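Chain A is the first sequence line, chain B the second, and so forth, proteins listed ahead of strands; every chain is numbered from 1. Here the structure is a predicted model, which means the values were calculated and not measured.
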Amino acid sequence: MPDQLGDWTRTHTCGALRTDDVDADVVLLGWVHRVRDLGGVTFIDIRDRAGVSQLVVRDNDALLVAAKRLRSEFVIGVRGVVQRRSDDTVNFKLATGDVEILVREIRVLSEAKTPPFQIAEDGAVSEELRLRYRYLDLRRPRLQHNLGLRHRVTMAVRRYFDAHGFWEIETPILAKSTPEGARDFLVPSRVHPGEFYALPQSPQIFKQILMIAGTDRYFQIVRCFRDEDQRADRQLEFTQIDVEMSFARPESVYGLIEPLMQEVFKEIGRDVSVPLPRISYADAIAKYGSDKPDLRCGLEIVDLSELFRDSEFRVFKQIVADGGVVRGIVVPGGNKYSRSQLDVLVDQAKQMGFSGLIWVRPGEPPLSSVKALNADALGTALARAQASAEDLLLMAAGPAEATSKLLGQLRLHVAKKENLLRADEFAFTWVTDFPLLEYHEDDARWYSTHHPFTAPLDADVDKLESDPGAVRAKAYDLVLNGTELGGGSIRIHDSALQARIFRRLGITDEEAKMRFGFFLEALEYGTPPHGGIALGLDRMIALLAGESSIREVMAFPKTSNAVDLMAGAPSPVDARQLTELHLKTQP
RNA sequence: GGGGUCGUAGUUCAGUUGGCUAGAACGCCGGCCUGUCACGCCGGAGGCCGCGGGUUCGAGUCCCGUCGACCCCGCCA
């Protein structure tokens, strides 16, 4: 039978006491962190969210007996007197280490089973077990820190938008399914047999309607749902900082978000210098082989096609003649790689999808397999790539975008291997001018790169019908260390242009009316030009916390198999519930 | 849907070419100890080697299947 709290009120948290509090009568409430029983004296570390304090039990047989009962993770209350520690017993590792509490009374408020893993240490524990006992894992320093950081960042974001005239407005969780984009989570309607709500993939249409509604500046820290396979940086449900503003140009959004990043990074004591760099999508692909380039390392991709247009090396020559490219990256100091290391690298490249990877070490005769690459050609290539004698040149050939993307993967592989990506460095960039549309071979139609409400660049509108692939969008991503932190665009505010885009996407007028009719109608009632952005809060916190998975910054994440190991979701439901919802499951 | 890594005391791991009566550390339980703070010392308990088949005189170890966690590709307007 546990003791009751009675009339005790917590006077201090377990992280609060300092030398100023010496001689104070205090009541601390918290978890037993560790017990050190020395026989005639027992030390108990008591822990709460705020920290750890040392309790001393001595010169009191009844209390020493009571202390013997204590086990890790019991919840206790103690009343006692704060005393200064002698100089030789101060603990510099604790914020409260100058003092300790001489215990007068202990109350065991709650006993605890021996936990399946140690709470007092951040030691390695399988993630499966951590997720099953999430409430225990959340007690540990790592997640306590991450949740605290997340709270502080969230508050900083709210302060920032409030100060800039943005209203936080909630949008429906029970929304309408829009077949474009990610798979929807559906919620059956009890009242309307056979009909479904969808959980929002993002509040995109709602926030645009808020602009039409004259709200002018909106933000929301909002849960979004996408029924797709999980990754380290993707969960079924995740949180966006969703932003929309009227009368916005891309510059307005950059000018709003850059100082926000400064505010946010202040929370971990880091300066962000603005304006942030910008790179066009086309340049990002060409130079880094990615639309989310990691700019913490150079390793730029260089184009060597022209060198091989007339070379004697038939393979490259042919590829260039057919409109392909020869491109490469220089690995600084890579000349030190042994032959077997290079073989491994070539192997790994092939696993990435390279049909071939040619390496050139300065000062070395051409490989037998590429004998046709004479020393002259190699020298020119090395010079063009600005490779020094210590470096290594890696070359591949093929279609432009595919070759760059492969080299982009290889670039990251090499950068990790060479330790060029410092975890404490933060390299932001805007990626701009995304293509508005992309062609999908499998069903032979155009899809929106971003979403169908994205405005094309004014200069490219005329190409919508004649050369859709060349139309660039007023769309931008914010990229940090190779992670897409967020993306946004200026939206179409003209219903005629919006209809034209739908037509381009192969969506008939009837379909458009069925799916987005309310929105198209809204556009016709006086729509301000508007645009915005959505930032992935989980990814941002993970980067701030130095975590490689967003699960480490979410209180209750799901496994990569979409299961909540603690709560046991998803789970079967009563037949009655199904009947009520007019649902039948397949056997 | 595909590829990969992993699965052995409560936990983290070790366990040669198949020979195991399955080990270590931490944790847990008991004892001793009046200044510890990852307390120390002594003693003890604790294992369906994920699960199911197979090969073998013999399987933690080899093979097949299956389940689970994680990473990647596809997917994520």
Student: Which whole number of Å gives the distance between the P atom of B:G74 and that of B:G53?
Tutor: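 Between the two P atoms, the distance is 39 Å.
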Student: For the pair A:His451 and A:Phe453, name the ring-plane relationship: parallel under 30°, tilted 30 to 60°, perpendicular over 60°.
Tutor: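 A:His451 and A:Phe453: tilted rings.
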Student: Can you tell me the pairing partner of B:G43 across any strand shown, Watson-Crick or G-U wobble, with both distances under 3.5 angstrom?
Tutor: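 The answer is B:C29, by the H-bond criterion.
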Student: Round to a whole Å and report the spacing from CE of A:Met352 to P of B:C72.
Tutor: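 It is 14 Å, rounded to the nearest whole Å.
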Student: Would you mind reading off the distance between A:Asp184 atom CG and B:C76 atom P, rounded to a whole angstrom?
Tutor: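 Taking atom P of B:C76 as the reference, CG of A:Asp184 is at 12 Å.
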Student: Students often get this wrong, so: under 4.0 angstrom with heavy atoms, is A:Pro116 touching a base, only sugar-phosphate, or nothing?
Tutor: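 The answer is sugar-phosphate, as A:Pro116 gets under 4.0 Å only of primed atoms, P, OP1 or OP2.
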Student: Verify the contact: side-chain N or O of A:Ser560 to OP1 or OP2 of B:A69, cut-off strictly under 4.0 Å; return yes or no.
Tutor: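 No, no such contact exists.
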Student: For B:G15 versus B:A9, give the span between their C1' atoms, rounded off to a whole number of Å.
Tutor: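 To the nearest whole Å, 14 Å.
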Student: Where along residues 127-136 of chain A does a heavy atom fall under 4.0 Å from RNA chain B?
Tutor: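 Going residue by residue through residues 127-136 of chain A, the ones with a heavy atom under 4.0 Å of RNA chain B turn out to be A:Glu127, A:Glu128, A:Leu129.
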Student: When you compare B:G40 with B:G60, how far apart are their C1' atoms, in angstrom units rounded to a whole number?
Tutor: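 Between the two C1' atoms, the distance is 36 Å.
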Student: Which base, if any, makes a Watson-Crick or G-U wobble pair with B:G35, both distances under 3.5 Å?
Tutor: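 B:G35 is unpaired by these criteria.
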Student: For the pair made of CD1 in A:Ile550 and C1' in B:C70, what is the distance, rounded to whole Å?
Tutor: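 Those two atoms, CD1 and C1', are 14 Å apart.
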Student: Restricting to side-chain hydrogen bond (donor to acceptor under 3.5 Å, both in side chains), what partner residues turn up for A:Arg36, sequence neighbours left out?
Tutor: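 For A:Arg36, the residues satisfying side-chain hydrogen bond (donor to acceptor under 3.5 Å, both in side chains) (neighbours in sequence not counted) are A:Asp45, A:Gln54.
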Student: The criterion is side chain to side chain contact (heavy atoms under 4.5 Å, CB included); which residues satisfy it with A:Ser355, sequence neighbours excluded?
Tutor: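 If we apply the side chain to side chain contact (heavy atoms under 4.5 Å, CB included) test to A:Ser355, skipping adjacent residues, there are no hits.
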Student: Return the residues of residues 221-242 of chain A meeting this criterion: a heavy atom under 4.0 Å from some atom of RNA chain B. Order them by number, or give none.
Tutor: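 Output list: A:Arg226, A:Glu228, A:Asp229, A:Arg231, A:Ala232, A:Arg234.
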Student: Between B:G58 and B:U17, how far is it from one C1' atom to the other, in whole Å?
Tutor: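 Those two atoms are separated by 15 Å.
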Student: Residues two or more places apart in sequence or in another chain: which of them pass side chain to side chain contact (heavy atoms under 4.5 Å, CB included) with A:Arg71?
Tutor: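 For A:Arg71, the residues satisfying side chain to side chain contact (heavy atoms under 4.5 Å, CB included) (neighbours in sequence not counted) are A:Phe74.
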Student: Output one letter per nucleotide in nucleotides 33-42 of chain B: B when a protein non-hydrogen atom lies under 4.0 Å from the base, S when only the sugar-phosphate is that close, - when neither is.
Tutor: BBBBBSB---
Student: Examine distances only and state if a side-chain atom of A:Tyr476 and a backbone atom of A:Ser489 form a donor-acceptor pair shorter than 3.5 Å.
Tutor: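 Yes, the answer is positive, given that a donor and an acceptor are paired below the 3.5 Å cut-off.
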Student: Expressed in angstrom and rounded to an integer, what is the separation of A:Lys113 atom NZ from B:U11 atom P?
Tutor: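 For the pair A:Lys113 NZ and B:U11 P, the rounded distance is 13 Å.
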Student: Is A:Thr449 touching bases, backbone alone, or none of the nucleic acid, heavy atoms closer than 4.0 Å?
Tutor: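 The residue A:Thr449 makes sugar-phosphate contact but no base contact.
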Student: For the C1' atoms, the ones on B:C13 and on B:U8, what distance do you get once it is rounded to whole angstrom?
Tutor: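 Taking atom C1' in both B:C13 and B:U8, they lie 9 Å apart.
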Student: Give the C-alpha distance, both sets of side-chain angles, the deciding distance and a yes or no for side-chain hydrogen bond (donor to acceptor under 3.5 Å, both in side chains) between A:Asp242 and A:Tyr218.
Tutor: CA-CA 8 Å; A:Asp242 196 42; A:Tyr218 143 95; 2.9 Å; yes
Student: Have a look at A:Ser72 and say if it touches a base, only the backbone sugar-phosphate, or nothing, with a 4.0 Å heavy-atom cut-off.
Tutor: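 Answer is sugar-phosphate: A:Ser72 comes under 4.0 Å of backbone atoms only.
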Student: For A:Arg183 and B:G1, give me the distance from atom CZ to atom P, rounded to whole Å.
Tutor: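 The answer, rounded to whole Å, is 10 Å.
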Student: Checking the side chain of A:Asp564 only, and the main-chain atoms of A:Ala567 only, is there a donor and an acceptor separated by less than 3.5 Å?
Tutor: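 Yes, the answer is positive, given that a donor and an acceptor are paired below the 3.5 Å cut-off.
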Student: Which pairs, with at least one residue in residues 495-507 of chain A and sequence neighbours excluded, count as a salt bridge (Lys or Arg N to Asp or Glu O under 4.0 Å)?
Tutor: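 Passing the test, one end in residues 495-507 of chain A: A:Glu465-A:Arg500.
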Student: Can you list everything that forms a ring pair (Phe, Tyr, Trp, His ring centres under 6.0 Å) with A:His33? Sequence neighbours excluded, please.
Tutor: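 So A:His33 forms no ring pair (Phe, Tyr, Trp, His ring centres under 6.0 Å) with any residue.
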Student: Output the rounded distance in Å from CD1 (A:Ile119) to C1' (B:G27).
Tutor: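 Taking CD1 of A:Ile119 and C1' of B:G27, I get 12 Å after rounding.
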Student: Considering every strand shown, what is the Watson-Crick or G-U wobble mate of B:U56 when both distances are under 3.5 Å?
Tutor: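 None - no nucleotide pairs with B:U56, as no candidate has both distances under 3.5 Å.
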Student: What residues form a salt bridge (charged side-chain N to carboxylate O under 4.0 Å, His left out) with A:Arg296, not counting sequence neighbours?
Tutor: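 A:Arg296 satisfies salt bridge (charged side-chain N to carboxylate O under 4.0 Å, His left out) with A:Asp294 once adjacent residues are dropped.
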Student: Tell me which pairs pass salt bridge (Lys or Arg N to Asp or Glu O under 4.0 Å) where either residue lies in residues 196-206 of chain A, with sequence neighbours left out.
Tutor: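 Salt bridge (Lys or Arg N to Asp or Glu O under 4.0 Å) check on residues 196-206 of chain A returns no pairs.
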Student: Are A:Asp21 and A:Arg18 within salt-bridge range, i.e. N to O under 4.0 Å?
Tutor: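 Judged by the 4.0 Å cut-off on N to carboxylate O distance, A:Asp21 and A:Arg18 do not form a salt bridge.
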Student: If you measure from the C1' atom in B:A25 to the same atom in B:A14, how many Å do you get, rounded?
Tutor: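 The answer is 11 Å between these two C1' atoms.
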Student: What integer number of Å spans the P atoms of B:G18 and B:C64?
Tutor: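 It works out to 16 Å between them.
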Student: Could you check A:Val563 against A:Tyr447 and say which one's nearest nucleotide on RNA chain B is further toward the 5' end?
Tutor: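 Of the two residues, A:Val563 wins.
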Student: How close or far is atom C1' of B:C72 from atom CG of A:Leu412, stated in whole angstroms?
Tutor: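 Computing the A:Leu412:CG to B:C72:C1' distance gives 14 Å.
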Student: Mind calculating the distance between CG (A:Asn561) and P (B:C71) to the nearest angstrom?
Tutor: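 So the two atoms are 12 Å apart, to the nearest Å.
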Student: Could you check which nucleotide pairs with B:G23 in any of the strands shown, counting Watson-Crick or G-U wobble with both distances under 3.5 Å?
Tutor: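 Answer to the pairing question: B:C13, which forms a Watson-Crick or G-U pair with B:G23.
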Student: If you compare every side-chain N and O of A:Ser126 against the phosphate oxygens of B:U12 (OP1, OP2), does one of them come in below 4.0 Å?
Tutor: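 A:Ser126 to B:U12 OP1/OP2: side-chain N or O found under 4.0 Å.
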Student: Looking at B:C70, which nucleotide sits across from it as a Watson-Crick or G-U wobble partner, both distances under 3.5 angstrom, or is there none?
Tutor: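 Pairing partner, where one exists within any strand: B:G4.
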Student: Among all residues two or more places apart in sequence or in another chain, which pass the salt bridge (charged side-chain N to carboxylate O under 4.0 Å, His left out) test with A:Glu547?
Tutor: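 A:Glu547 satisfies salt bridge (charged side-chain N to carboxylate O under 4.0 Å, His left out) with A:Arg142 once adjacent residues are dropped.
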Student: Can you list the residues that meet the salt bridge (charged side-chain N to carboxylate O under 4.0 Å, His left out) rule with A:Lys416, with sequence neighbours excluded?
Tutor: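 For A:Lys416 there are no salt bridge (charged side-chain N to carboxylate O under 4.0 Å, His left out) partners, ignoring immediate neighbours.
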Student: Could you give the distance separating B:G7 and B:U61 at their P atoms, to the nearest angstrom?
Tutor: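 The same atom, P, in both gives a distance of 12 Å.
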